[in-house]
Amino acid sequence: MPELPEVETVRRVLQERYAGKTVTAVALGKPTFYRAPPLAAIKILTGGVIAAFRRRGKYLIVVIEGRGEVIFHLGMSGRITIGGESPHVRFQMWIGTEALRFHDSRRFGRVGCLLPDLGPEPLDTAFTADYLWKLLRKRTAPVKALIMDQKLIAGLGNIYATEALHAAKVRPGRAGKSLSRAEVEKLAVACRDILSRGVEAGGATLDDEAFLDPLGRPGRMQMGVMVYGREKCGTCGGPVIGTRKSIGGRASAYCPSCQL
DNA sequence: ACGAGTACCTGGCAGC
DNA sequence: TGCTGCCAGGTACTCG
């Protein structure tokens, strides 16, 4: 599922290819994709000149010169392609002769104009060990649920949160406030590190969550995954404990030997 | 304010 | 084979 590195990978392709170009037409997918059709987004995009593709957390933002911004969230199954047919097109826009399509088979994606409240991103300078410490210090919720809360930290989903906790040697079910200052410092570094490695690798393309960029290219981050979706820990080779729906209603995985 | 739970949605797969 | 039913995921919502 697209988390920060996957969305950033998409953004870079689109920025390189379409910045400065004009959106000649826009079309919505079937009405069943929308509770309310994103009319404001259509108005901003149609005939507009693309100033830039930006990103905030897992949100992809199209900035149109002199008009405003349109926000895309890929949900868990969202994919952006250039051309390419599917029965699951939520949204499409034409740039010159090319059709940029947003496919959304599980319909968890969003198109709109409002960006929700989001915390700092681990790659921001505002994200420090001190920030994370203050965030976790008094919380009883599982640390994994907290670092996946986009209002607190923007960009981590299940894969990268799982991997960051593994790198920091902290079990996902630990209460936020149970982490020592040293563990919080390791976790802050791990969050930053795992996302920058993900971006560098062009995202993670796991078997069941086949992320591809708009040109159809897979990422390489799956090579660096140590626990998520694995039976054996990539660090020590011991068995990975998988639990379903246990933390924040989500599946979790950790290595009981590497993580305390 | 916080934490827990649930709805949303459908492709894929386990189990019958 | 064909069916049923569960499950994955992120976000937005409710409830206590």
Side-chain angles (χ1 to χ4, degrees), chain A residues 1-8 10 28-38 55-61 71-80 85-91 102-119 121-122 134-165 172-179 191 195 198 203-212 219 221-222 225 227-231 240-253:
Chain A
M1 72 298 325
E3 304 180 28
L4 187 153
E6 289 73 32
V7 178
E8 176 63 16
V10 169
L28 296 182
K30 286 177 232 141
T32 51
F33 277 92
Y34 299 97
R35 205 180 304 171
R55 181 191 55 73
R56 179 76 176 90
K58 306 175 190 173
Y59 292 80
L60 179 66
I61 303 168
I71 314 295
F72 293 86
H73 193 288
L74 300 183
M76 68 174 279
S77 60
R79 185 175 294 173
I80 304 282
E85 301 290 340
S86 91
H88 310 295
V89 175
R90 173 185 283 280
F91 193 88
F102 176 7
H103 309 264
D104 188 17
S105 66
R106 291 187 193 174
R107 305 191 183 198
F108 274 31
R110 298 286 149 89
V111 179
C113 295
L114 284 179
L115 198 62
D117 273 351
L118 297 169
E121 304 184 15
K134 283 174 181 150
L135 203 88
L136 300 179
R137 193 168 46 177
K138 294 179 178 166
R139 305 289 295 265
T140 59
V143 58
K144 176 157 172 272
L146 294 169
I147 64 173
M148 284 178 66
D149 184 337
Q150 304 299 299
K151 290 190 294 298
L152 306 180
I153 303 172
L156 293 167
N158 208 4
I159 297 176
Y160 291 96
T162 296
E163 292 299 314
L165 286 163
R174 296 258 307 272
K177 66 180 189 179
S178 78
L179 274 68
C191 289
L195 289 181
T205 302
L206 290 107
D207 306 342
D208 52 334
E209 314 279 355
F211 165 75
L212 299 172
M221 186 59 188
Q222 60 279 9
V225 167
V227 275
Y228 184 89
R230 293 182 58 133
E231 285 180 17
V240 168
I241 305 274
T243 60
R244 22 187 75 181
K245 297 211 169 189
S246 57
I247 298 169
R250 292 288 161 262
S252 280

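Proteins get letters first, then strands, A, B, ... in listed order; numbering begins at 1 in each.
A:R174 places no side-chain N or O within donor-acceptor distance of the main-chain N or O of A:V143, the cut-off being under 3.5 Å. Between the side chain of A:R110 and the backbone N or O of A:Y59 there is no donor-acceptor pair closer than 3.5 Å.
Nearest-nucleotide positions on DNA chain B place A:A141 closer to the 5' end than the other of A:F108 and A:A141. The residue among A:R139 and A:R107 whose nearest nucleotide of DNA chain B is located toward the 5' end is A:R139.
For the pair A:R79 and A:F211, the cation does not sit on the ring face, since its NZ or CZ is not both under 6.0 Å from the ring centre and inside 45° of the axis.
Residues A:P172 and A:T162 are not in side-chain contact: their nearest non-hydrogen atoms beyond the backbone lie 4.5 Å or more apart.
Counting non-hydrogen atoms under 4.0 angstrom, A:P2 reaches nothing in the nucleic acid. Across all strands shown, A:S77 has no heavy atoms under 4.0 Å from either base or sugar-phosphate atoms.
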List every contact pair, protein side and nucleotides 11-13 of chain C side both N or O, where the distance is under 3.5 Å.
unit_1, atom_1, unit_2, atom_2, d
C:dT11, OP1, A:H73, NE2, 2.8
C:dT11, O4, A:R250, NH2, 3.2

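Whole-Å rounding puts the A:L152 CG to C:dG10 C1' distance at 15 Å. The distance from atom CG of A:D149 to atom P of C:dG10 is 12 Å, rounded to the nearest whole Å. Remark: P of C:dA8 and CG of A:N158 are 10 Å apart, rounded to the nearest angstrom.
Considering all non-hydrogen atoms of both residues, A:A251 and A:N158 come closest at O-ND2, 3.2 Å. The shortest heavy-atom contact between A:Q222 and A:G203 is OE1-O, 4.1 Å.
Bracketed by its first and final contacts, the part of DNA chain B lying under 4.0 Å from non-hydrogen atoms of chain A reaches from B:dC2 to B:dG11 in 5' to 3' order.
Between A:E121 and A:R56 there is a salt bridge, since a side-chain N of the basic residue sits under 4.0 Å from a carboxylate O of the acidic one.
Sorted by first and then second residue, the salt bridge (charged side-chain N to carboxylate O under 4.0 Å, His left out) pairs involving residues 142-152 of chain A (not counting sequence neighbours) are A:D149-A:K151.
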